[in-house]
Asks: 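One structure, as structure tokens, below. Some questions next.
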Amino acid sequence: MSLHVYNTLSRNKETFESLKPGVVSMYVCGPTVYDKAHVGHAMSSLVFDIVRRYLEYTGYEVRHVMNYTDVDDKIIQRAQYEEVDAIELAERYITQYDQHLKELNILPATVYPRVSTEIQNILQVVQGLIDKGYAYEVDGDVYFRVNKDDDYGKLSNRKLDDMESGSRINVDSRKESPMDFALWKSAKPGEPSWESPWGEGRPGWHIECSVMSLEHLGEQIDIHGGGNDLVFPHHENEIAQSESYTGKPFARYWLHNGMMQLSGEKMSKSLGNLVTIESFLEENEADVLRMMILNSSYRSPLTFSDEVIEQTKKALERLRNGLRPAFPGAAGADAPVVEMLAEQVKATDAGFRAAMDDDFNTAGALGYMFELVRVINQARDAQATDEQLQPAQSLLTEFGGVLGLSLVREVSDQAGAAPFIDLLLEVRGELRKEKLWQLSDLVRDKLKELGVSIEDTKTGTTWHWE
RNA sequence: GGCGACGUGGCCAAGUGGUAAGGCAUGGGUCUGCAAAACCCUGAUCACGGGUUCGAAUCCCGUCGUCGCCUCCA
């Protein structure tokens, strides 16, 4: 079994093969930074983090580029409203998003390019497209000539004729075709702008990704990712620009994640139905969001609701409980139990990989992890020792890591409290012998309030930080 | 109007030709002084209608519904 991925370009699952053996180049469209990012943005970053982690797990070196769009109409609008510099406004939100990426345990990309620092490269490509006849200048604007590009529409499966006839955009008569899109826009006063052969101006939205990808990953890349709302026009236009410029196929695999749904609609800034990453993380730990994404197909819409969040928290807790140590003084499990555990380890190992190889079927992969948890718990109940549990638990930890989950409870022994907690529990043990239930329950309740969860078993009492 | 996706038990959700993973919740039981955790048992024929097939949730046609894109958007 080898990795298969669903390619939007062919609308099929394809065997994954990288251009260069052992190396994968991956470009993912990042956010336009004009406001606080929401959990939908996080979903995209998380999805491709999981893709990357699995690729790395299977032995690839991944060159991963994620851009920040820091020059854009909305940023300019917002900056004028707040009476601040547009680039500085963008900078503010970039810093914030960087922080979110860390908090969400997303592996750092190889490069995080942004528009404002790539202008020279953009100018070069725009000029190149003009020289090759794929673009033309009108009054300081430069447009891409879609009619010159024979396979325009191949990603989003649209025909130019249909689009033009169905178009309800007020057509700019200066454009040769209504579908021609801007590569360079002449600047209005007060907007951030750069000098160009066509006068003061700034890049259009689509050209930046083509250029950054070219600059940081080369003419051809393996994976291009982003939300499925970008398929048209953004990615379609990227293909048009890149392939017209280099004369080579651009990205081999186009991967698109589904949209986060809040009360039945796509979460988005323009609709105003959103939960910011910031507010989500105030209420929940990062792994909860990751777990929500893992529990369904990355290509499908994801239901976001309080109920689902609560369900996810519990599921995560169950996964972690699979890593609890053996009962204190466990006598050791019988051979059949140990054997059953060993078999489940094998099944989980094979099942997990097969699921992930099938277009990153994380929900299926999680299923195998949960089954392993159940068998671990069975073994634990049957007096398995830490040593006997170890192979299963380390596999669980390993796969958790592949998915980017930190299942191991942080052993943040607050101010060396452990010996004192042990002492308390020893005293509580004496209280229980005397059947002083009120007192012993008081200890349990108070410890709970302090974040210490205890578990009474036949052979003794264990505890862990929550 | 055009293009595309989806509709699986109360909720979330795998599975795309051979008689429905997993998680959460529910109900019953075991363990426990009680509790928590855990373990065992418990429920769906897969929107609807028709067709292809020995056999379909899985393929085809139609209907209904939901969502995305076609304008900035992860």
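Note that the structure is predicted; figures quoted are calculated from it, not measured.
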Asks: Hey, mind stepping through Arg114(A) and Ser116(A) against side-chain hydrogen bond (donor to acceptor under 3.5 Å, both in side chains) and telling me if it holds?
Replies: CA-CA 6 Å; Arg114(A) 41 181 104 169; Ser116(A) 60; 5.5 Å; no
Asks: Run the salt-bridge test on Lys313(A) and Asp287(A) with the 4.0 Å N-O cut-off and return the result as yes or no.
Replies: no
Asks: Using the P atoms only, state how far A5(B) lies from G62(B), rounded to an integer number of Å.
Replies: 14 Å
Asks: Between Ser25(A) and Asp222(A) (side chain of the first, backbone of the second, donor and acceptor by atom type, cut-off under 3.5 Å), is there such a pair?
Replies: yes
Asks: Using the C1' atoms only, state how far U58(B) lies from G15(B), rounded to an integer number of Å.
Replies: 9 Å
Asks: If I take atom CG from residue Leu436(A) and atom CG from residue Leu442(A), how far apart are they, to the nearest 0.5 angstrom?
Replies: 12.0 Å
Asks: For every nucleotide of nucleotides 18-31 of chain B, 5' to 3': is a protein heavy atom under 4.0 Å from its base (B), only from its sugar-phosphate (S), or from neither (-)?
Replies: ---BBBBS------
Asks: Between C69(B), A37(B), C12(B), which nucleotide gets closest to the side-chain atoms of Lys266(A)?
Replies: C69(B)
Asks: What nucleotide, of G68(B), C70(B), A35(B), holds the atom closest to the side chain of Pro233(A)?
Replies: C70(B)
Asks: For the C1' atoms, the ones on A13(B) and on U52(B), what distance do you get once it is rounded to whole angstrom?
Replies: 30 Å
Asks: Taking atom P in both U63(B) and G4(B), compute the distance separating them and give it to the nearest angstrom.
Replies: 16 Å
Asks: Distance check, C1' atoms only: A57(B) and G49(B), in whole angstrom units.
Replies: 16 Å
Asks: Of the nucleotides C70(B), C12(B), A74(B), which one has an atom closest to the side chain of Arg158(A)?
Replies: C70(B)
Asks: Compute the centroid of each ring, for Tyr368(A) and then for Phe352(A), and state whether the two points are separated by less than 6.0 Å.
Replies: no
Asks: Taking the side chain of Asn321(A) as its heavy atoms from C-beta onward, which of A38(B), A14(B), A35(B) lies nearest to it?
Replies: A38(B)
Asks: Measure from the side-chain heavy atoms of His38(A) and tell me the nearest of G4(B), A74(B), A35(B).
Replies: A74(B)
Asks: With both distances under 3.5 Å as the test, what is the Watson-Crick or G-U wobble partner of G68(B)?
Replies: C3(B)
Asks: For the side chain of Asn361(A) and the base of G15(B), is some donor closer than 3.5 Å to an acceptor across the two?
Replies: no
